[in-house]
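Reviewing the structure listed below.
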Amino acid sequence: MKNTAFSLMTALLAVMNESEPKDPYYVLAQYFLYHFDQLRDLNIYDVADACYVSRSGIRRFCQSIGFDNFSDLKAEADEWKRQCNYFIGYSVRPDYKEYLSGSIGEMMEEINRIATPAVLDKLAESIHASRHVVLFTSDFSGMAARSFQQSMVVMGKLVQIVSDAHYTLDYLKVLTPEDLLITVSATGNFATLMEPMVQKAAAYKVLVTVNHAIKMWKSYDQVIYLSEKDNSGARTVYSQYGMTYFFDILYSYYVNNYRETDLLQGPISELPLSDSQKMRVQRCAE
């Protein structure tokens, strides 16, 4: 049974990115990524021989990313075709640069119309007033979330990120009505899968999406659509660039509203590296 990641590919990449190359889990993650298109036909004996691990080691690896066993991991084989359609299908255009630049411009104008001062003020006020703020996101949308998280530190507000790459959903269970949970899900697929968990969270809940399927979003106190029509059917510029743009303008709005109270010292210039920091960087580079 699958107990974890929204995407097997995301989970495997997270293991590979965060493990040492000689770590057995790194070797297994890399092997499954290289053979993702053959996942359905793999058998545990061949994997064990190729990766120099035991069958019990493979089972423990599967459990570490949320699958009961190797068979459950193999059941995600269809994801390969979905990922190919999502990434390659989107990019196979002879006029891609013109399409992309035009689509981004139209997207930004649309978000500007939708993200009115009233919408931004409501969300910024919720962020400012909440005891804890959690961004709940798939790892694919995590880049925009991580940038927002880092920028909020200098405003004196710590934002927690919970993603499918690091399955820490128990964190959602301890949220209270004084907390804020923002689900970031451009197409709505991540939000749909995680909705049972969101329903149980006691926090004030906000969804940011381009999926206009209203019946799915009853669990939320506020839904912010980044498009005027439904764009959930396939990958669009909203998935890659829309979230980043929205959180950038939200942050600017937050800074302009709360800088005087939350950051009394004003803008902070980038500090030069100290001698100890330089030494640590040099040791890491050696």
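These values consider heavy atoms only, across backbone and side chains, with no hydrogens, waters or symmetry-generated copies. Note that the structure is predicted; figures quoted are calculated from it, not measured.
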Could you tell me whether the side chain of Ile182 reaches within less than 4.5 Å of the side chain of Leu123, counting heavy atoms only?
yes
Same cluster or not: are Ile249 and Tyr241 linked, directly or through other Ile, Leu, Val, Met, Phe, Trp or Tyr residues, by side-chain heavy atoms under 4.5 angstrom apart?
yes
What's the verdict on salt bridge (Lys or Arg N to Asp or Glu O under 4.0 Å) for Asp41 and Lys74, showing C-alpha distance, side-chain angles and the deciding distance?
CA-CA 8 Å; Asp41 299 321; Lys74 288 178 59 175; over 6 Å; no
So which atom in Glu76 and which in Phe36 form the shortest heavy-atom distance, rounded to 0.1 Å?
O-CE2, 4.0 Å
Mind checking whether Glu106 and Val237 have side chains closer than 4.5 Å, heavy atoms only?
no
Quick one: closest heavy-atom pair of Ile111 and Leu226, and the distance?
CG1-O, 3.4 Å
So do the side chains of Asn257 and Leu120 get within less than 4.5 Å of each other, counting heavy atoms only?
no
Looking at Asn256 and Ser252, would you say the former's side chain and the latter's main chain have a donor-acceptor pair under 3.5 Å?
yes
So which heavy atom on Ser19 is nearest to which on Asp23, and how close?
CB-CB, 4.2 Å
Can a donor-acceptor pair be found, under 3.5 Å and without considering hydrogens, that links the side chain of Ser147 to the backbone of Ala144?
no
Tell me the closest heavy-atom pair linking Tyr171 and Val174, and the distance in Å.
O-CG2, 3.1 Å
Side chains of residues 202-210: which donor-acceptor partners sit under 3.5 Å, not counting sequence neighbours?
{"from": "Lys205", "atom 1": "NZ", "to": "Val198", "atom 2": "O", "distance (Å)": "3.2"}
{"from": "Lys205", "atom 1": "NZ", "to": "Ala201", "atom 2": "O", "distance (Å)": "2.9"}
{"from": "Thr209", "atom 1": "OG1", "to": "Ser185", "atom 2": "O", "distance (Å)": "2.7"}
{"from": "Thr209", "atom 1": "OG1", "to": "Ala186", "atom 2": "O", "distance (Å)": "3.0"}
{"from": "Thr209", "atom 1": "OG1", "to": "Asn211", "atom 2": "N", "distance (Å)": "3.0"}

How are the rings of Tyr254 and His128 set to each other: parallel, tilted or perpendicular (split at 30° and 60°)?
tilted
Under a 3.5 Å threshold, yes or no: a donor from one side chain and an acceptor from the other, between Ser130 and Glu178?
no
How long is the span from the OG1 atom in Thr183 to the CD atom in Glu195, to the nearest 0.5 Å?
9.5 Å
Hydrogens and angles aside, do Tyr26 and Asn17 bring a side-chain donor and acceptor to less than 3.5 Å of each other?
no
Nearest 0.5 angstrom please: Asp68 CG to Leu73 CG, how far?
11.5 Å
Determine whether Val154 and Val133 fall in the same hydrophobic cluster, where Ile, Leu, Val, Met, Phe, Trp and Tyr are linked whenever their side-chain heavy atoms lie under 4.5 Å apart.
yes
Taking only distance into account, with no hydrogens and no angle test, what donor-acceptor pairs under 3.5 Å do side-chain atoms of residues 47-61 form with protein atoms, sequence neighbours excluded?
{"from": "Ser54", "atom 1": "OG", "to": "Ser56", "atom 2": "OG", "distance (Å)": "2.9"}
{"from": "Ser54", "atom 1": "OG", "to": "Gly57", "atom 2": "N", "distance (Å)": "3.0"}
{"from": "Arg55", "atom 1": "NH1", "to": "Tyr45", "atom 2": "OH", "distance (Å)": "3.2"}

Given 3.5 Å as the limit, does a donor-acceptor pair link the side chain of Tyr251 with the main chain of Ser151, or not?
yes
Using a 3.5 Å distance criterion without hydrogens, assess whether the side chain of Ser7 forms a donor-acceptor pair with backbone atoms of Thr10.
yes
Any non-hydrogen side-chain atom of Val255 less than 4.5 Å from a side-chain atom of Met155?
yes
Show, in sequence, the C-alpha distance, side-chain angles and deciding distance for Phe32 and Leu8, and conclude whether the side-chain contact (heavy atoms from CB on, under 4.5 Å) test is met.
CA-CA 10 Å; Phe32 288 133; Leu8 172 59; over 6 Å; no
Any donor-acceptor N/O pair, Gln83 side chain to Met9 backbone, under 3.5 Å
no
Does the side chain of Met16 reach to within under 4.5 Å of the side chain of Leu33, using non-hydrogen atoms?
yes
side-chain contact (heavy atoms from CB on, under 4.5 Å) for Lys229 and His212? Distances and angles first, verdict last.
CA-CA 7 Å; Lys229 63 180 182 179; His212 287 243; 5.6 Å; no
Met143 side chain reached by Phe247 side chain, heavy atoms, under 4.5 Å:
no
Report the C-alpha distance between Leu175 and Leu181 in whole Å, list the side-chain angles of each, state the deciding distance to 0.1 Å, and finish with yes or no for side-chain contact (heavy atoms from CB on, under 4.5 Å).
CA-CA 8 Å; Leu175 297 178; Leu181 175 64; 4.3 Å; yes
Are a donor atom and an acceptor atom from the side chains of Thr176 and Asp179 found within less than 3.5 Å of each other?
yes
Nearest atoms (heavy-atom pairs only) where Val134 meets Leu172
CG1-CD2, 4.2 Å
State, yes or no, whether a side-chain contact exists between Val184 and Phe136 at a heavy-atom distance under 4.5 Å.
no
Hey, could you give me the CG/CZ distance between Asp248 and Phe148, rounded to the nearest 0.5 Å?
10.0 Å
Residues 95-105 side chain polar contacts: donor-acceptor under 3.5 Å, at least two apart:
{"from": "Ser101", "atom 1": "OG", "to": "Lys97", "atom 2": "O", "distance (Å)": "3.0"}
{"from": "Ser101", "atom 1": "OG", "to": "Glu98", "atom 2": "O", "distance (Å)": "3.2"}
{"from": "Ser103", "atom 1": "OG", "to": "Tyr99", "atom 2": "O", "distance (Å)": "2.8"}

